2 protein chains.
Amino acid sequence: MSSPSSPARGRPARIDRERTVRTALDLLDRSGLDALTMRRLADAMDVQAGALYRYFATKQDLLAAMAERMMDGVVDAAAGTCGGDWSERLTALARAMRAALLSRRDGARVFAGTHSTGANMLGFADTVVGVMRAAGFPDDDAARALYTLANFTVGHTLEEQAALQGENDGPADPGLLADAVAGGTYAHLAAGLPALTSTDFTRLFEFGLNLIVEGLRARR
Amino acid sequence: MSSPSSPARGRPARIDRERTVRTALDLLDRSGLDALTMRRLADAMDVQAGALYRYFATKQDLLAAMAERMMDGVVDAAAGTCGGDWSERLTALARAMRAALLSRRDGARVFAGTHSTGANMLGFADTVVGVMRAAGFPDDDAARALYTLANFTVGHTLEEQAALQGENDGPADPGLLADAVAGGTYAHLAAGLPALTSTDFTRLFEFGLNLIVEGLRARR
DNA sequence: ACCTGAACACCGTTCAAGT
DNA sequence: ACCTGAACACCGTTCAAGT
């Protein structure tokens with residue numbers, strides 16, 4: 001079918017999409033997204049940068065394949081925790097997605113910057129919409145709930161991973177916010193400062209996720 | 001106070017933060033984030049790229065200033081639509097934030113990639129938390145609701161602007177999804193296809209926003 | 001068929017030196 | 001004090017040529 005593969009004619013390939021994506025995800029975990037360049041990835045595979053373009057049309061294409069692979073096993077992980085009603089299953093799916101993004105350095109940034117239509121992504125979407133439909137929601141609401149859940153999860157995890165990295169670069173975040181708040185106005189921020197600067201991101205995620213699920217319950 | 005400003009000694013400055021941010025936002029609207037380079041921005045200001053580093057420590061610093069400026073007027077715009085109870089005011093604030101991000105090309109990407117603690121950002125946060133506290137929510141919930149609202153809005157608008165751009169690059173999105181769905185599995189996606197591929201992003205945003213607000217109402 | 005080598009057209013950032 | 005000029009250390013991507 002495709003150019004690189006099929007009846008082994010000519011030289012055997014030294015790299016392929018599968019191994020390249022694996023190596024790229026390893027490099028991502030070690031060095032972060034900003035350090036993930038086509039040249040460094042090629043280096044890690046003992047190949048020249050240009051060789052990668054026989055398997056990925058662009059760097060974006062590679063990043064999409066990485067995002068697709070990050071979603072591997074998300075539906076199964078959520079199914080393991082299921083057994084409950086629609087709201088518990090939806091909650092489990094969103095938690096599994098956040099966990100998948102968190103499991104790799106800059107996972108949310110990779111995911112947010114790409115738009116894969118691979119089997120893992122479609123399988124996740126199909127499962128979420130399926131749970132909603134089985135619960136009796138109209139098809140339109142099921143589709144829109146998928147986007148709400150996914151967009152919230154990506155938005156939250158983007159923030160969470162940015163905060164985690166900012167921590168390692170020196171604790172600028174709590175200090176900056178506290179200083180700005182201390183300096184006069186922003187009475188409400190001052191009151192909410194403990195929760196505002198909390199690093200319990202799981203609790204923050206659960207709060208938002210619960211709002212969305214309860215919003216759905218009210219609509220049902 | 002700071003190095004570039006104060007008693008006009010030596011050469012008068014040909015550029016400053018204010019004009020640089022304005023020019024950068026213009027360039028963003030014309031060419032998009034990927035084309036916004038320090039060199040091109042310097043060109044647009046008839047200056048060498050290195051000169052920008054007297055006003056912004058890094059490109060990230062410039063992007064944060066751009067994000068902060070994008071939030072200018074958001075609280076006022078929401079106040080104009082206010083007059084209602086806490087849920088209407090929260091809704092107006094979230095809508096105003098989405099509108100601000102949508103008003104510039106790649107606005108959500110600029111915003112998501114930065115973490116400003118400027119007056120516009122803090123003012124927005126303070127207003128949201130203030131609305132929640134005035135409605136009788138505990139301080140913790142008020143702070144967490146701010147993050148839920150902001151993270152959902154950023155996540156949604158990121159998706160929305162990516163879809164709008166994908167449209168201009170050729171309508172790949174509906175075709176790809178439809179093809180994948182047509183090919184066998186994914187029965188639930190097939191059922192939800194109309195809503196899944198809809199380009200009515202305002203309706204999609206309102207759906208998610210309503211879920212969050214109703215979730216808050218249920219918790220109150 | 002698969003990969004190398006080398007190039008093209010760029011980047012962000014720094015800093016001595018000019019004015 | 002403010003900016004230029006030039007460099008440093010890179011980028012993503014392309015493509016003729018080798019094997």
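In what follows, chains are A, B, ... by sequence order, proteins preceding strands, each numbered from 1. Because the structure is predicted, anything quoted here is derived from the model rather than measured.
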Which value, in whole Å, describes the distance between the P atoms of nucleotides D/dA9 and C/dA9? 23 Å
[atom1] of [X] versus [atom2] of [N]: gap in Å, rounded?
{"X": "B/Arg54", "N": "C/dA17", "atom1": "CZ", "atom2": "C1'", "value": "12 Å"}
{"X": "B/Leu52", "N": "C/dT14", "atom1": "CG", "atom2": "C1'", "value": "13 Å"}
{"X": "A/Met38", "N": "C/dA7", "atom1": "CE", "atom2": "P", "value": "21 Å"}
{"X": "A/Ile15", "N": "C/dA1", "atom1": "CD1", "atom2": "C1'", "value": "13 Å"}
{"X": "A/Arg19", "N": "C/dC3", "atom1": "CZ", "atom2": "C1'", "value": "13 Å"}
{"X": "B/Asp16", "N": "D/dC2", "atom1": "CG", "atom2": "C1'", "value": "13 Å"}
{"X": "A/Leu41", "N": "C/dC3", "atom1": "CG", "atom2": "P", "value": "13 Å"}
{"X": "B/Asp43", "N": "C/dG12", "atom1": "CG", "atom2": "P", "value": "12 Å"}

A/Arg39 or B/Thr58: which one's nearest nucleotide on DNA chain C is closer to the 5' end? A/Arg39
Flag the pair [X] and [Y] as a salt bridge only when some basic side-chain nitrogen lies within less than 4.0 angstrom of an acidic carboxylate oxygen.
{"X": "A/Asp200", "Y": "B/Arg144", "result": "no"}
{"X": "B/Arg69", "Y": "B/Glu18", "result": "yes"}
{"X": "A/Arg109", "Y": "A/Asp34", "result": "yes"}

Under 4.0 Å, counting only non-hydrogen atoms across every strand here, what does A/Arg14 touch: a base, just sugar-phosphate, or nothing? sugar-phosphate
Taking atom CZ of B/Arg22 as the centre, does the number of heavy atoms from other residues, nucleotides or ligands within less than 6.0 Å exceed 12? yes
Hey, what's the ring geometry for B/Phe205 with B/His156, parallel, tilted or perpendicular (30° and 60° as the breaks)? tilted
Please determine, by modelled atom types, if A/Arg98 and A/Thr202 share a side-chain donor-acceptor pair under 3.5 angstrom. yes
Taking the side chain of A/Lys59 as its heavy atoms from C-beta onward, which of D/dT13, D/dC3, C/dG12 lies nearest to it? D/dT13
Compare side-chain N and O positions of A/Gln48 against OP1 and OP2 of C/dG5 and report whether any pair is under 4.0 Å apart. yes
C/dC3, OP1 or OP2 - any side-chain N/O from A/Tyr55 closer than 4.0 Å? yes
Name the residue closer to the 5' end of DNA chain D, choosing between A/Ala35 and A/Gly50 according to the nucleotide with the nearest heavy atom. A/Ala35
With DNA chain D as reference, determine whether A/Ala51 or A/Arg40 sits nearer its 5' end, using the nearest nucleotide of each. A/Arg40
Which helical stems does DNA chain C take part in, if a stem means at least 3 consecutive Watson-Crick or G-U pairs with both distances below 3.5 Å? C:4-8 with D:12-16, C:12-16 with D:4-8
Where A/Ala44 and A/Thr23 come nearest, the two heavy atoms and their spacing: CB-CG2, 4.0 Å
